[in-house]
Structure formats: structure tokens, C-alpha cells
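Written out below as C-alpha cells is the structure these notes cover.
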Amino acid sequence: MSDRAFWNAVDSSTREAILRQAEEFRAREWPVLTARGWRDFVETGNRTRYEDRYFARRRRTVASALAACLTDDPGWHDDVLDGVWLMLEETTWCVPAHDFSAREQGPRLPDPDRPFLDLFAAETGALLAWTLHVLGARLDERSPLVGRRIVEEVRRRILVPQRTDDTWSWFGRSGPVNNWNPWINSNVLTCSLLLDKDRDDLVTTVSRVLEGLDVFVSGYPDDGGCDEGQMYWWRAGASLSECLEQLYDATGGALDGYAVPKVHEIARYPHRVHIADDWYVNVGDGPARTEAADTVEPHVLYRFGRRVGDDEAAAHARYMRGDGAVTLPRLSLGRSLFALADRDWSEAAPSPAPLVAQAWWPQTQLLTARETGGRAEGLFVSVKGGHNGESHNHNDVGTVLVAVDGHPALVDAGVAQYTRQHFGPRRYEIWTMRSDYHNVPNVDGHEQLPGSEFRARDVTADLGPERIDVRLDLAGAYPKDAGLVHWWRRVRFERGEPAHVRWHDEWELDHEPNSITLHLITSAEPALGGETEGSGSTGTIRVPTPGRALRIAYDASAFPSPVVERIDLDDRRLSGVWGPALWRIALSPDRPGRRGEWTLDLRAEPGA
């Protein structure tokens, strides 16, 4: 804060963007958090009514802290003080959905004597630690009590629980971990490095962080694939990189996790699942569009790519920023501060997206491929194998996604706003989680089942410059009662003229089935048609996009009566990605046999 030359040197467009957002927050009243609001989740399962207010406090505090640093204006100092004091007065920094001590059989309200260290408690601790670090002198001018309370509360709620409790599920001593591990550890490290004065405390914290990160990295596939989806990468792989950065800097390079080969592969994930613009291949709960408001900070990827020497990763980060500000206020004050302090990042010229030609993750079993590397124009295809016990899993083994000229046409819906049901025993009653709402078959009324034992079998991928060929057996993803001996799915992407995808399914059952249905989810209302050639007839499905349409052709005798269903989206998260609706096509043979096959031909319609 005292280095006014640094803050005055922040470029005008970044300064204006930060101050504009801070003013928008300041024009509103501070959100109020109530006991009734907390109990709302316990009683109804709704997360958003409480969390919207909770996160709005933190976004405003981050924006006001950045505005205070940029201007050194007393009005902003006072606004930061209000935000800090409100958070210090909160009984808990944990959100209701994460505090397992306050569920139906417990006190139904958070217990201040039992602080629960979840993602957002850790995030709040780091926010307060950074605020004290950059604005401590201005807060002291108002009252020295503020700084003391920050240290005391962060120690009580974050640092002591991390150092003394071995039962946290995210810690790694009780089983596999996911994004919670690096996300919490990155914030705990921040709190300790900025606030701990006792050497033994610091050593204990770092030692336990290293233990947790070892569990996280060892459980990550060697191919670097993020089975939680691209949104969660920003708090899985990205948070891992923040941990490694802090450990590297704090030890003068003695702890260099960037030297682990797997870490390099983790850095490569975001740009290799990029379709075009802000569209990405989505698996699990990861949405198809980036959610820039909170989790996505391109500078983290830029720094990560630079550390591991991956120019494409760094270029993709610069592409994501575009002509915009160096950083914008989000939930993480630390991420914004590091972005503002990185001269290379602030001075880096705009970059086109790498748009890699193809990528294959052999352990994760995910393919991405486009018609022409470096260009959004043309076909883009993704095929997913894997299993149905992945973190933030959907029952989606074998699903195929297709985009035309950078616009998704054959899609995965993603996930709605979280409720209690999303993380409970009724998760797979939610339509977006079910295989019947992914691009896979239903056999005699049987959908895929959740669990790591329900997986793709005999997966192969042959990637070449002219042709890509992926083959997998989906039978293992279905219950035994479905009677699948094999369900071979082969997706062949030909880059010739014209480029097309040949999608061939071939099955063998242990009985004569009553029904088999292939479901396809589309981003726009499909138009059904057909044409007759000689003795045969071809059915067509035309899926429009903002550019050219996707044309899906099939043998009309195989699917004589396609059915199209509109899926209205009344959830703000889903409609924010797709608009008001998605569509589901049901393709069913009249007389499915014990053995059978069908073929779909997918290509972009001719045109500009």
C-alpha cells in the first residue's frame, strides 16, 4: 500500500474496470446473513439464497480492497473496514452445505466452538490475511483491534484446525481427494505465510500441506486429465499451481513441485479441452462455458504455463484475457494481487487461442479433436470413456459431443445450481446426472449406473493427421439386468473433404430386447427430415448453430419414428449457458434384435 508508484502505474483500463465494479457493489447495502437463512438449507436443501448473500459480502470486500489500494481514498478504506468487520462477526465462515456438524441431527446452526474448515472458510481466511497485508496500516488508523482480530480469528478458524485435526475428508488420510485439497491448502498456506510468527507453527502447517498435496497429486492421473470438469480445474490444477508457487518462493526454490512430470500435464488441460470462444468440453459438473465471475483467473494459468515451460498454456491464458483488464475483482484477492504484480502478464501482447488439433488422455479416457488445428472453423468432436465414479460424476460413459465452427451442437447439459440433492443419495434422480440425458443408449429401460465399477472397457484410440479412431465397449457401464454382452461404440473422425464423423454402434445382448433407444441432446431445436435414394431412405437431423448447422444422417429404416422433446431450463446456471431450452432426440428401432448395429454420419452443412 505504501508503494504508491506501483499502484499509480496500474494501467488505466484495469484501474477503471476495478473501480467501476467496486462502485457498483458500494451502491448496494451490505448483505445480511441470518440464522433463518442458514437454516434454510437445512430445511429445504436450497443453497443459493444464503450463498448469494455470503459471496456478495466477499466480492464487495475484494473489490473495495483493490479500489483502496489503487486510490488510497479514505472512503474505500472505510468500506474495506465494514467488510472485514462483518466477516469477523460471522459465527462461521463455512457455508451451510459444507458444515456437516450442523445438519438435521445436529444443532441446525453453526457452533462457534467447532469451526469447520471448508473451501470458503479457507478462502475467507486468505482474503482477510491479504487485506491485512496490503491495507493493515489503514485499518490500524481506524482501530488497532481490527488487525489483532484478523490474526486471532484466522488462527482459531483456519490455522489451528488445519494443524490439529486429522479427520478432514479433504486432508487425504481417509481416502481419495478432489479439488477441495489444493483449494483449501492454497489458502491455508497463504494464511500461515502471511500471519504465522512462530517457526514451529509454520513448519507444521507446511508439512501438513505437503502431506495433503502428495495425496492429491498421487491420485491424479498421469495424463493430467481433470475428471471434475474444466470449471473445477481452476480450483484443482490451478490451486495446485498456487500451492507450488508459494512453496517455491517461500523456500527459495528448495521445494520445486513443478519438476514433477505429471504437473506439466495438469497445466495442459484447459487449452486442450477448449472448443472456441468461451466454450469448452464439459464433463461431470463442469459447465460448457467458463464462469469468469469467481473461479477463472487467467493469470493463474499464465504463470503455471510459464513455470512448466508450456507456451500453449500461457498463450491460452493470454487469449482468455483478451483486450480486457489485467484482473477483475473476484472471490480471491490474492489472485488479483499476483496478477497486478506480474509485469510480464500486464505487458504480454494479446494471443490467439492455441486450438490444438487433437488430444487424448489415456487414463482419463477423453478425446478432443478438431478439423484443423489452430482454427475454430469446421467440426470439433469429443468422446469420453472413463467410469461413473468420477468426482462430480455424471453417468456419461461413451458420450459424444460435437461442435460446428466453434458452437456446440451435440452437447452435455452440465449441472444446475447446486442443492442438497446434488450431494446426497438422490443425486442420480436429477435429470442432468442421468445417462438418459447424455448421448448414450438406453437398453430395455436400463440406464447406466453410478460407481467406479461401471466403466468403459477395451478402450482404444488411434490419432493421426488425417483420421482419428476411438473404440470402446459401453456394456460395463450398465447393470447386469440390462443384459449387455457388448456395446461397441466406434467414433471415426475423417478430416478429408468434406470432414465428417462416422459414429457406429454395434451391440450384443443375452436376450431379445423389447426396446433400445439412443438419446441425443442438442443445443438448439432440431429439424427432422429425410430423403430417398434408390431402394433405401436416409433420415436427417439438422441442428442449427449461430453458424453452419450440424447435419446427422442415418438409415431411416433403423429409426423410423424419431421423437423430439424440448427441455425447458428454469435454472439460472443452465439457462446462463444454453438459453431457455435444450432438446432431446430419441431414436428407437421398431424391432431391436439381440444383435444389431446402426451408423450415424455427422458433418457440417455446406456454406460460409
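In this text the structure is predicted, and so the values were computed from the model without any measurement.
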request  = Show the numbers, then the answer: is there a ring pair (Phe, Tyr, Trp, His ring centres under 6.0 Å) between Trp130 and Phe338?
outcome  = CA-CA 11 Å; Trp130 276 118; Phe338 277 113; 5.6 Å; yes
Derivation and outcome, side-chain hydrogen bond (donor to acceptor under 3.5 Å, both in side chains), residues Ser64 and Asp79 = CA-CA 6 Å; Ser64 294; Asp79 208 61; 2.6 Å; yes
Any salt bridge between [X] and [Y], counting N to O under 4.0 Å?
| X | Y | answer |
| --- | --- | --- |
| Asp166 | Arg208 | yes |
| Arg59 | Glu51 | no |
| Glu429 | Arg426 | yes |
| Asp412 | Lys384 | no |
| Asp342 | Arg306 | yes |
| Asp571 | Arg573 | no |
| Arg572 | Asp52 | yes |
| Arg163 | Asp196 | yes |
| Glu153 | Arg148 | no |
| Arg427 | Asp285 | yes |
| Glu141 | Arg138 | yes |
| Glu123 | Arg235 | yes |
| Arg155 | Glu152 | no |

[X] side-chain N/O to [Y] backbone N/O, donor-acceptor pair under 3.5 Å:
| X | Y | value |
| --- | --- | --- |
| Arg268 | His264 | no |
| Gln365 | Gly386 | yes |
| Ser382 | Leu367 | yes |
| Ser241 | Ala238 | yes |
| Asn187 | Trp183 | yes |
| Asn46 | Arg49 | yes |
| Lys262 | Tyr220 | yes |
| Asn181 | Gly212 | yes |
| Trp170 | Leu117 | yes |

Quick one: is the NZ or CZ of [X] closer than 6.0 Å to the six-membered ring centre of [Y], and within 45° of its axis?
| X | Y | value |
| --- | --- | --- |
| Arg307 | Tyr302 | no |
| Arg108 | Trp38 | no |
| Arg272 | Trp360 | no |
| Arg289 | Trp279 | yes |
| Arg303 | Trp345 | no |

Over all atoms of both residues, closest heavy-atom pair of Leu328 and Glu297 = O-OE1, 4.3 Å
Nearest non-hydrogen partners of Ser169 and Val177, listed with the distance = O-CG1, 3.9 Å
key: His446 and Asp481: CA distance, side-chain angles, deciding distance, side-chain hydrogen bond (donor to acceptor under 3.5 Å, both in side chains) verdict   = CA-CA 8 Å; His446 292 286; Asp481 289 347; 5.5 Å; no
key: Centroid separation His274 to Tyr280 less than 6.0 Å   = yes
Could you tell me whether the side chains of [X] and [Y] share a donor-acceptor contact shorter than 3.5 Å?
| X | Y | value |
| --- | --- | --- |
| Thr44 | Asp40 | yes |
| Thr48 | Gln417 | no |
| Ser336 | Arg330 | no |

key: Option passing ring-ring contact (aromatic ring centres under 6.0 Å, His included) with His98 (candidates Trp168, Trp180, Phe41, Tyr418)   = Trp180
ask   = Residues two or more places apart in sequence or in another chain: which of them pass side-chain contact (heavy atoms from CB on, under 4.5 Å) with Ile430?
value = Gln421, His422, Thr432, Met433
inquiry  = Going by side-chain contact (heavy atoms from CB on, under 4.5 Å), name the residues that satisfy it together with Leu244, two or more places apart in sequence or in a different chain.
reply    = Leu240, Tyr258, Val263
note = Separation between CG (Leu189) and CG (Leu210), nearest 0.5 Å, reads 8.0 Å
task = Go through the steps to decide whether Tyr54 and Thr124 satisfy the test side-chain hydrogen bond (donor to acceptor under 3.5 Å, both in side chains), and finish with yes or no.
result = CA-CA 10 Å; Tyr54 173 97; Thr124 300; 3.3 Å; yes
query = For Asp249, does the CG atom sit with more than 12 other heavy atoms under 6.0 Å from it, leaving out its own atoms?
reply = yes
task = Please lay out, stage by stage, how His438 and Trp431 fare under the test ring pair (Phe, Tyr, Trp, His ring centres under 6.0 Å).
result = CA-CA 10 Å; His438 289 82; Trp431 69 268; 8.9 Å; no
query = So His387 and Phe454, ring pair (Phe, Tyr, Trp, His ring centres under 6.0 Å) or not? Walk me through it.
reply = CA-CA 6 Å; His387 59 82; Phe454 297 100; over 10 Å; no
request  = Starting from the C-alpha separation in whole Å, work towards a yes-or-no answer on ring pair (Phe, Tyr, Trp, His ring centres under 6.0 Å) for Phe116 and Trp93.
outcome  = CA-CA 8 Å; Phe116 198 94; Trp93 294 336; over 10 Å; no
message = Checking Thr364 against Asp223 for the side-chain hydrogen bond (donor to acceptor under 3.5 Å, both in side chains) test, could you report, in this order, the C-alpha distance in whole Å, the side-chain angles of both residues, the deciding distance, and whether it holds?
response = CA-CA 7 Å; Thr364 309; Asp223 59 22; 2.9 Å; yes
